[in-house]
Colleague: 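Below are the structure tokens for one structure; questions will follow.
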Amino acid sequence: LRDKLVTTEQMNVISELSASISHEIRNPLTVTSGFLQLLNKSESITPQEKWYIELSLQELNRAEKIVSDFLAFGKPQSVNMVHCNFKDETEYVKNIITPYANLHKVSVELNFSNTLSKTYDKNQVQQCLLNLYKNAIEAMKDNGGILSIDVSSQDHNIIIKIKDTGIGMSNEEISRLGKPYYSTKHEGTGLGMLMVFSTINKLDGKIEVTSQVGKGTTFLITIPTP
Ligand code: ADP
Ligand code: MG
């Protein structure tokens with residue numbers, strides 16, 4: 001347990017640093033990729049030059065993915081603290097992920113019955129939920145499925161359950177979750193879960209993962225309220 005705690009602390013530092021660096025590189029990324037797209041339309045470039053431009057755009061796209069795992073919402077430096085019950089955040093992220101879910105034949109169900117509130121950073125919680133929903137959908141992209149999100153309360157805890165019917169994970173794979181750059185995906189960043197663990201850690205919460213290969217995965221998040 002002690003090892004795990006130390007690791008989570010380190011993760012916090014890494015993910016916070018990454019978030020601020022991400023913020024700084026987002027603008028140059030956008031500008032560069034805009035100009036490259038313009039160049040790509042030029043009729044005077046050779047096929048080889050076109051190929052170079054397309055490679056550069058691909059690489060920028062990859063950098064953009066890394067940034068997105070940390071910074072889809074707001075700036076890391078700005079404070080977005082609210083005292084709330086996670087309803088707005090779970091709904092908002094559900095709405096923005098729905099087109100992505102539809103694309104992969106995944107239906108999203110949200111069940112909300114939580115009465116407890118907690119003080120948290122709105123943008124960070126949205127980012128955390130986005131990363132979890134996205135992973136769930138990506139685990140179901142071959143055959144479609146159901147992503148169910150359940151927010152309830154028990155004793156003094158807020159309970160968030162995120163369940164998919166996707167490819168699942170072995171115990172070994174579960175144990176590697178959240179390690180920087182651990183990804184089994186062709187175009188994965190391996191940074192999404194790092195951000196998730198860091199956010200839940202800041203809320204003094206814990207995450208339990210249960211998974212069955214070929215059946216699906218459930219993330220059970222327990223967040224204590226004072
Ligand atoms: P990425 O999504 O870029 O690969 P993440 O840190 O978000 O990086 O996830 C790391 C890895 O954890 C994924 O590549 C995948 O193998 C595994 N994973 C995470 N969530 C799920 C899930 N819901 N079902 C199956 N595997 C998952
Ligand atoms: Mg991910």
Side-chain angles (χ1 to χ4, degrees), residues 4 7-8 10-19 21-22 25 29 58-73 90 93-94 96-101 103-110 123-151 159-202 205-221:
K4 188 121 193 146
T7 313
T8 324
Q10 288 165 338
M11 278 179 184
N12 265 347
V13 177
I14 299 169
S15 81
E16 247 167 63
L17 249 175
S18 313
I21 294 169
S22 293
I25 64 175
L29 275 181
Q58 262 176 43
E59 291 300 305
L60 286 175
N61 186 37
R62 174 162 173 74
E64 162 63 25
K65 277 194 177 159
I66 294 175
V67 169
S68 296
D69 276 352
F70 289 103
L71 204 75
F73 312 91
T90 43
V93 179
K94 178 195 178 238
I96 62 165
I97 203 80
T98 296
Y100 191 61
L103 189 72
H104 295 299
K105 298 188 176 56
V106 169
S107 59
V108 189
E109 294 167 0
L110 174 62
N123 289 344
Q124 215 167 67
V125 165
Q126 287 170 347
Q127 179 78 62
C128 167
L129 293 168
L130 178 74
N131 291 357
L132 285 166
Y133 294 5
K134 221 169 130 237
N135 281 344
I137 293 166
E138 284 161 5
M140 298 186 275
K141 67 201 296 179
D142 288 337
N143 304 305
I146 301 165
L147 162 60
S148 46
I149 304 141
D150 204 282
V151 188
I159 316 280
I160 304 175
K161 203 168 92 182
I162 297 170
K163 184 173 184 286
D164 68 61
T165 55
I167 53 172
M169 282 175 277
S170 66
N171 283 341
E172 201 262 338
E173 287 170 323
I174 293 176
S175 72
R176 296 178 68 178
L177 280 177
K179 297 233 166 77
Y181 305 116
Y182 167 64
S183 176
T184 56
K185 294 167 197 169
H186 175 58
E187 288 202 323
T189 64
L191 295 172
M193 286 304 301
L194 174 72
M195 205 285 164
V196 169
F197 281 112
S198 145
T199 303
I200 301 306
N201 186 51
K202 271 188 212 151
K206 60 173 197 222
I207 307 186
E208 285 161 85
V209 188
T210 47
S211 189
Q212 224 181 324
V213 175
K215 287 257 157 86
T217 304
T218 303
F219 285 88
L220 186 71
I221 300 170

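Quantities reported herein were computed from a predicted structural model and do not represent experimental measurements. The figures that follow rest on heavy atoms only: side chains count, while hydrogens, waters and symmetry mates do not. Read the numbers this way: they start at 1 and go in the same order the structure lists the ligands and their atoms.
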Colleague: Taking the side chain as every heavy atom from C-beta outward, state whether I97 and L130 have any atom pair closer than 4.5 Å.
Modeller: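 A side-chain contact under 4.5 Å exists here.
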
Colleague: With sequence neighbours excluded, what pairs up with A63 under the side-chain contact (heavy atoms from CB on, under 4.5 Å) test?
Modeller: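 A63: side-chain contact (heavy atoms from CB on, under 4.5 Å) contacts with L29.
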
Colleague: For T184, take its heavy atoms, then give the atoms of ligand 1 lying under 4.0 Å from any of them.
Modeller: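 Under 4.0 Å from T184, ligand 1 has these atoms: 13 (C), 14 (O), 15 (C), 16 (O).
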
Colleague: Give the numbers and elements of all ligand 1 atoms closer than 4.0 Å to a heavy atom of L191.
Modeller: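 Those of ligand 1 that fall under 4.0 Å from L191 are 6 (O), 8 (O).
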
Colleague: Identify the heavy atoms of A101 and V108 that sit nearest to each other, and give their distance.
Modeller: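 That would be CB-CG2, 3.6 Å.
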
Colleague: Distance only, no hydrogens: is a donor on one side chain within 3.5 Å (strictly under) of an acceptor on the other, for N123 and Q127?
Modeller: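 Result is no, nothing qualifies.
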
Colleague: Is there a nitrogen or oxygen of D69 sitting under 3.5 Å from a nitrogen or oxygen of ligand 1?
Modeller: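 No, since none of the N or O atoms of D69 sits under 3.5 Å from an N or O of ligand 1.
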
Colleague: Quick one: look at M169 and ligand 1, take heavy-atom pairs under 4.0 Å, and tell me if it's side chain, backbone, both or neither.
Modeller: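 Looking at M169 and ligand 1, just side chain atoms fall under 4.0 Å.
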
Colleague: Please check: side-chain N/O of N131 versus main-chain N/O of D69, any donor-acceptor pairing under 3.5 Å?
Modeller: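 Between the backbone of D69 and the side chain of N131 there is a qualifying donor-acceptor contact (under 3.5 Å).
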
Colleague: Kindly say whether L194 contributes a backbone atom to a donor-acceptor pair with the side chain of S198 at under 3.5 angstrom?
Modeller: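 Absent.
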
Colleague: Contact between T90 and Y133 at the side-chain level, heavy atoms closer than 4.5 Å - yes or no?
Modeller: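 Side-chain contact under 4.5 Å: yes.
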
Colleague: Side-chain donor-acceptor pairs under 3.5 Å in residues 159-169, sequence neighbours left out?
Modeller:
{"from": "D164", "atom 1": "OD1", "to": "G166", "atom 2": "N", "distance (Å)": "2.8"}
{"from": "D164", "atom 1": "OD1", "to": "T217", "atom 2": "N", "distance (Å)": "3.2"}
{"from": "T165", "atom 1": "OG1", "to": "I146", "atom 2": "N", "distance (Å)": "3.1"}

Colleague: The criterion is ring pair (Phe, Tyr, Trp, His ring centres under 6.0 Å); which residues satisfy it with Y182, sequence neighbours excluded?
Modeller: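 By the ring pair (Phe, Tyr, Trp, His ring centres under 6.0 Å) rule, Y182 matches no residue at all.
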
Colleague: Based purely on interatomic distance, does M193 place a nitrogen or oxygen under 3.5 Å from a nitrogen or oxygen of ligand 1?
Modeller: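 Looking only at distances, the answer is yes, because the N/O contact criterion of under 3.5 Å is met.
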
Colleague: Heavy atoms only, cut-off 4.0 Å: how does L177 contact ligand 1, side chain, backbone, both, or neither?
Modeller: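 L177 to ligand 1: side-chain contact only, backbone stays beyond 4.0 Å.
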
Colleague: Record the part of S183 in heavy-atom contact with ligand 1 below 4.0 Å; permitted values are side chain, backbone, both and neither.
Modeller: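 Looking at S183 and ligand 1, atoms from backbone and side chain both fall under 4.0 Å.
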
Colleague: In the protein, how many N/O/S atoms are under 2.8 Å from the Mg ion (ligand 2)?
Modeller: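 That number is 1, waters not included.
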
Colleague: Which of the numbered atoms in ligand 1 are below 4.0 angstrom from a heavy atom of T217?
Modeller: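 Those atoms are 24 (N).
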
Colleague: Below 4.0 angstrom, N of the basic side chain to O of the carboxylate: do E138 and K185 qualify?
Modeller: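 Looking at K185 together with E138, the answer is yes, because their closest N to O distance falls below 4.0 Å.
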
Colleague: Relative to the heavy atoms of G188, which atoms of ligand 1 are at a distance of less than 4.0 Å?
Modeller: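 This gives 3 (O), 4 (O) as the contact atoms.
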
Colleague: Could you name the option among S211, G192, G190, S170 that has the heavy atom nearest to atom 1 (P) of ligand 1?
Modeller: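 Nearest option to atom 1 (P) of ligand 1, by heavy atoms: G190.
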
Colleague: Can you pull out the closest protein heavy atom to atom 20 (N) of ligand 1? Residue, atom name and distance to 0.1 Å, please.
Modeller: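 The answer is N135 CB, 3.3 Å.
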
